[in-house]
Amino acid sequence: MVKKAVILLATGFEEIEAVTVVDILRRAGIDVVIAGIENFSVIGSHGITVSADKRLSDVKHDFDAVILPGGMPGAMHLHNSSEVNDFIKDMNAKRVLIAGICAAPSVVMAPIGILDDKSATCYPGDQIDFAKNTKYKDEAVVVDGNIITSQGPATAMEFAFAIVEKLIGKDAVKKLKKHTLADYPSKRFVL
């Protein structure tokens with residue numbers, strides 16, 4: 001059965017974190033729905049416009065993963081939406097994979113208790129907004145149960161691979177890394 005994921009976009013989202021994840025998940029054969037919380041046309045924090053497939057209000061709660069990109073003010077717009085908060089809490093209660101990157105873990109996930117008693121990461125420095133019972137790890141990607149968190153734009157591909165691994169397995173990630181040259185020795189790029 002094909003796995004399904006939804007990525008929530010609000011004005012000011014971090015483009016690298018959103019587009020990289022959508023691309024990698026779709027390459028893996030995961031059905032990804034881009035859901036705009038305000039409009040179908042969503043402008044990122046660096047002026048790149050992405051067309052949403054649906055509005056969040058039109059999305060059913062039948063996904064295997066919910067993905068939250070960071071970026072400002074995008075993460076704050078997600079945080080300020082009661083519809084987004086209710087959606088995330090409902091999906092978490094169903095033990096669906098909840099994945100947040102950059103500012104999303106601290107700005108969106110932590111305030112609604114998604115990171116309580118979990119290990120997590122976020123954009124360095126933003127962990128000051130974590131609850132005392134959230135264990136911060138200074139790592140590119142942290143997986144704890146149904147929660148995946150990551151640090152920021154440069155970790156977006158590794159974040160996407162972690163989501164794919166959790167949803168469909170290590171073999172899928174191995175193939176993706178080969179086809180995207182993610183496993184290619186870095187010495188190739190030395191000048």
Side-chain angles (χ1 to χ4, degrees), residues 3 5-10 12-18 20-22 24-25 28 30 32 37 45 61 63-170 172-174 176-177 182-183:
K3 297 291 185 175
V6 61
I7 184 164
L8 308 184
L9 296 189
F13 69 93
E14 171 53 59
E15 293 93 338
I16 291 173
E17 297 164 0
T20 300
V21 172
V22 171
I24 293 296
L25 270 61
I30 297 168
V32 181
I37 69 161
S45 61
H61 295 214
F63 292 94
D64 300 294
V66 177
I67 301 150
L68 308 165
M72 284 296 189
M76 191 55 69
H77 289 308
L78 293 175
H79 165 78
N80 290 333
S81 169
S82 59
E83 182 180 23
V84 168
N85 291 325
D86 291 344
F87 182 79
I88 296 167
K89 286 191 257 186
D90 178 59
M91 299 304 279
N92 188 54
K94 295 176 182 178
R95 302 301 296 159
V96 164
L97 180 65
I98 310 292
I101 185 170
C102 196
S106 60
V107 174
V108 184
M109 298 165 76
I112 58 173
I114 302 298
L115 300 182
D116 288 356
D117 299 315
K118 298 283 185 181
S119 292
T121 194
C122 62
Y123 191 84
D126 286 355
Q127 72 270 18
I128 62 168
D129 294 322
F130 283 1
K132 290 186 189 297
N133 64 353
T134 301
K135 183 178 180 188
Y136 174 74
K137 290 190 173 186
D138 186 14
E139 297 175 12
V141 177
V142 175
V143 179
D144 189 343
N146 71 313
I147 305 297
I148 298 177
T149 52
S150 189
Q151 291 187 319
T155 65
M157 192 166 256
E158 192 173 339
F159 176 63
F161 290 144
I163 296 168
V164 171
E165 181 175 330
K166 194 78 167 166
L167 292 178
I168 58 178
K170 289 181 181 183
V173 173
K174 191 174 181 179
L176 283 166
K177 284 184 174 184
D183 63 351

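It should be emphasised that the depicted structure is a prediction, and the values quoted were computed from it without experimental measurement. This chain uses plain numbering: 1 for the first residue, then up along the sequence.
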Has Glu165 got a side-chain atom pairing as donor or acceptor with Ile163's backbone, closer than 3.5 angstrom? no

Going by the side-chain contact (heavy atoms from CB on, under 4.5 Å) test, name the single residue among Ile24, Ile67, Thr20 that passes it with Phe159. Ile67

Approximate separation, where rounding is to 0.5 Å, of Leu68 CG and Leu8 CG: 5.5 Å

To the nearest 0.5 Å, tell me how far Ile114 CD1 sits from Ile88 CD1. 6.5 Å

Below 4.5 Å, heavy atoms only, C-beta onward: do Ile7 and Pro69 meet side chain to side chain? yes

Leu78 backbone acceptor or donor facing Ser81 side chain under 3.5 Å: no

Separation between CG of Leu167 and CG of Asp64, rounded to the nearest 0.5 Å: 6.0 Å

Heavy-atom closest pair (Lys177 atom, Asp183 atom, distance to 0.1 Å) is O-OD1, 3.2 Å

Euclidean distance, Ser150 OG relative to Met157 CE, rounded to 0.5 Å: 12.5 Å

Is there a side-chain contact between Met72 and Ser45 (heavy atoms, below 4.5 Å)? no

Is a side-chain donor or acceptor of Lys166 paired with a backbone partner of Gly145 at a separation under 3.5 angstrom? yes

Counterpart residues, side-chain contact (heavy atoms from CB on, under 4.5 Å), relative to Asn146 (two or more places apart): Asn92, Arg95, Ile98, Lys118

Give a yes or no answer on whether the side chain of Thr121 reaches the backbone of Glu139 with a donor-acceptor pair at less than 3.5 Å. yes

Could you give the distance from CG (Leu9) to NE2 (His77), rounded to the nearest 0.5 Å? 12.5 Å

Considering all heavy atoms, the nearest Cys102-Pro153 contact: SG-CD, 4.4 Å

Closest heavy-atom pair and its distance - Ile148, Ala162: CD1-O, 3.6 Å

Within the structure provided, determine whether Ile168 and Val164 are in side-chain contact (heavy-atom separation under 4.5 Å). yes

Closest approach of Phe130 to Cys122 (non-hydrogen atoms, all atoms of both residues): CZ-SG, 3.7 Å

Quick one: which residue pairs count as a ring-ring contact (aromatic ring centres under 6.0 Å, His included) with a foot in residues 81-103, not counting sequence neighbours? His61-Phe87

In this structure, are over 12 heavy atoms from other groups packed under 6.0 Å from Lys94 atom NZ? yes

Does Tyr123 OH have over 12 foreign heavy atoms under 6.0 Å away? no

Taking Gly70's backbone N and O only, do any of them form a donor-acceptor pair with Glu17's side chain (distance below 3.5 Å, no angle check)? yes

Correct closest heavy-atom pair for Ala28 and Leu176 would be CB-CD1, 3.7 Å

Measure across Ala110 and Asp129 and return the closest heavy-atom pair with its distance rounded to 0.1 Å. CB-O, 4.0 Å

Suppose the criterion is salt bridge (Lys or Arg N to Asp or Glu O under 4.0 Å): which pairs have a residue in residues 149-158, not counting sequence neighbours? none

Name of the residue among Leu115, Thr155, Asp144 meeting side-chain contact (heavy atoms from CB on, under 4.5 Å) with Thr149: Leu115

